[in-house]
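To start, the structure itself, in structure tokens.
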Amino acid sequence: MLELFIMMMERVGLIILLAYLLVNVNYFKKLLFTREQLASKIKFIIFFGVFAIISNLTGIEIAGEQIIQSNILTHIDHNTAVANTRTLAITVSGLVGGPFVGSMVGVIAGTHRALQGNGLSVMFYIPSSILIGLLSGYFGKHLSKEAFFPQHFQSGLVSMLMEMIQMLFVFLFTGTLVEGLALVKIISVPMILLNSVGTFIFMSILNITLSKVEEARAVQTHDVLELAAKTLPYFRKGLEQGASQEVAEIIQHYTKVSAISITNNHKILAHVGAGSDHHIPEKDVITELSKQVLKTGEMAVAYSKVEVGCSHEECPLAAAIVIPLTSGKKITGTLKLYFTDARNLTEVMITLAEGLGTIFSSQIELGEVENRAQLLKEAEIKSLQSQVNPHFFFNSINTISALMRRDSEKARELLLQLSQYFRSNLQGAAATLIPLEQELAQV
């Protein structure tokens, strides 16, 4: 049993190594955050289905109490049994993806185990694997109500229970009950203990990874709120070159990316950071990626220089996130986050960019609404002026006409004042702000 225990540790270590490699791939991390989507579930089935097949192929063949040394188990003799980490793969798939993912991975794992050999006597692995997938999926769904995934200690206990269920099937359906009991005595302790420990470590890796991502997001949320407050006065003016330059410098300070660029529908308004020697304000948009975003109105992510599409041969920009800036349903420009090292383009940065795009689009739209409201107010004032002035003019002329019969000098003075009054009105109509001194003189 000690030899089997050591060999099972090697198999469990292989699965844990694969888990560690997976969680360091951005694509897989994204799946973890979208696990409720059908497309993500299908991808989980493929991932964990492959894990389960690897578990079957790397199993340990046992004849009686003897371990048969082999590297890959493509076929299993009818006189032998197998100890493997298949249940670990199925259990983790259910804990992560839910009952649907768990049961489908169970189908794949059980069918592959049946196809490895031993005839009809191993067909019970199919229903047992499906049952384990379903149960672990329901446990995962129940235990993850307050957390993104079940805690690793809980996951280990679930895995232990699932392995016990598998041992029950082995006991009942492996030859006679005596043969089943003999096999269970040999493989149960190593498989139950090590598969549960493997599940514990696997889920620990997932939870620690997600915890780090959440912490990074929390820090960024604080920075984004501060950034939004500082950029609001500039974006409320609309997409202007001077304001955009100030905004780009603020964004780069908070995000620490290699370069920030802001464009309108056709020209670069600001570019701060790497590549500023040829990404020059007032020039036309030069990257194909930006042109694509302006055309489609959808965010684009580039992980290589080729995808960025800059025509300049020595451009240092190796990756980019381009977010459309909108006002209502109209695309008004783009916000671009550039990276000189593609490895810095993480899932957290993509989420941050999406958030910034939404905030800045709202600020631009708010600025346009305020500008329209101001223009409407000025139009109302000028409309009132145009209605008041004719009445005032005719009344003043009649007053002066009557005064000319009695005091011509006073009438002359009133005409000069009337002329000055209308001249001031014309100046006021052309300007939205006038000095208080001038206003008092007008009164």
Side-chain angles (χ1 to χ4, degrees), residues 220-287 289-300 308 310 315 317 320-339 349-379 430-434:
Q220 284 191 336
T221 299
H222 174 269
D223 290 343
V224 165
L225 291 174
E226 193 170 338
L227 190 157
K230 290 194 174 183
T231 56
L232 179 59
Y234 299 103
F235 270 124
R236 286 170 73 172
K237 298 176 183 177
L239 284 177
E240 300 175 352
Q241 186 173 332
S244 296
Q245 184 69 22
E246 295 287 344
V247 168
E249 291 175 359
I250 293 171
I251 297 173
Q252 192 193 30
H253 171 74
Y254 279 94
T255 60
K256 309 300 181 186
V257 298
S258 303
I260 293 290
S261 185
I262 299 174
T263 76
N264 57 20
N265 285 327
H266 55 279
K267 288 187 180 297
I268 300 170
L269 297 176
H271 186 97
V272 176
S276 56
D277 58 324
H278 57 281
H279 292 266
I280 302 172
E282 296 188 359
K283 280 194 173 183
D284 291 340
V285 173
I286 61 176
T287 62
L289 195 66
S290 300
K291 294 175 183 178
Q292 173 192 333
V293 172
L294 287 169
K295 184 178 180 180
T296 63
E298 296 181 359
M299 184 185 78
V308 172
C310 180
C315 183
L317 306 176
I321 307 170
V322 183
I323 310 99
L325 298 176
T326 60
S327 178
K329 295 182 179 180
K330 182 180 66 175
I331 301 172
T332 58
T334 64
L335 169 66
K336 298 183 280 189
L337 281 66
Y338 285 116
F339 306 84
M349 291 305 301
I350 293 173
T351 304
L352 171 65
E354 287 179 314
L356 290 178
T358 302
I359 291 171
F360 295 155
S361 293
S362 299
Q363 289 180 346
I364 292 170
E365 187 171 359
L366 177 62
E368 290 185 357
V369 169
E370 288 183 351
N371 286 337
R372 285 195 293 269
Q374 183 63 31
L375 290 173
L376 179 62
K377 193 178 294 183
E378 292 171 8
T432 55
L433 295 174
I434 61 172

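For the numbers below, each heavy atom of this structure counts, side chains included, while hydrogens, waters and symmetry mates do not.
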Looking at S276 and G273, would you say the former's side chain and the latter's main chain have a donor-acceptor pair under 3.5 Å? yes

Atom of [X], atom of [Y] and distance for their closest heavy-atom approach:
{"X": "L317", "Y": "A274", "result": "CD2-O, 3.6 Å"}
{"X": "S361", "Y": "P324", "result": "OG-O, 3.8 Å"}
{"X": "V322", "Y": "T334", "result": "CG1-CB, 4.0 Å"}
{"X": "S290", "Y": "V285", "result": "CB-CG1, 3.4 Å"}
{"X": "I268", "Y": "S261", "result": "CG2-OG, 4.1 Å"}

Applying side-chain contact (heavy atoms from CB on, under 4.5 Å), name anything that partners [X], two or more places apart in sequence or on another chain.
{"X": "K267", "answer": "N264, D284"}
{"X": "A248", "answer": "I260, I262, A270, V272"}
{"X": "H278", "answer": "I286, C310, H312, C315, P316"}
{"X": "I331", "answer": "N265, L294, T326"}

Could you tell me which residues satisfy ring-ring contact (aromatic ring centres under 6.0 Å, His included) with F360, sequence neighbours excluded, listed by chain and number? F235

Checking [X] now: which residues fulfil side-chain hydrogen bond (donor to acceptor under 3.5 Å, both in side chains) with it, not counting sequence neighbours?
{"X": "S258", "result": "T340"}
{"X": "S327", "result": "E368"}
{"X": "K330", "result": "none"}
{"X": "K230", "result": "Y254"}

CG of L325 to NZ of K336: how many Å apart, nearest 0.5 Å?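 L325 CG to K336 NZ: 11.0 Å, rounded to 0.5 Å.
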
Between atom CD1 of I321 and atom CD of E354, what is the distance when rounded to the nearest 0.5 Å?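 Interatomic distance, I321 CD1 to E354 CD, rounded to 0.5 Å: 8.5 Å.
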
Relative to the ring of H279, is the ring of H271 parallel (under 30°), tilted (30 to 60°) or perpendicular (over 60°)?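 The rings of H271 and H279 lie parallel, inter-plane angle below 30°.
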
Could you check T255 against L356 for side-chain contact (heavy atoms from CB on, under 4.5 Å), going step by step and ending with a plain yes or no? CA-CA 11 Å; T255 60; L356 290 178; 4.3 Å; yes

Partner of V257 by side chain to side chain contact (heavy atoms under 4.5 Å, CB included), out of L352, L337, I251: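 Among the candidates, only L337 passes.
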
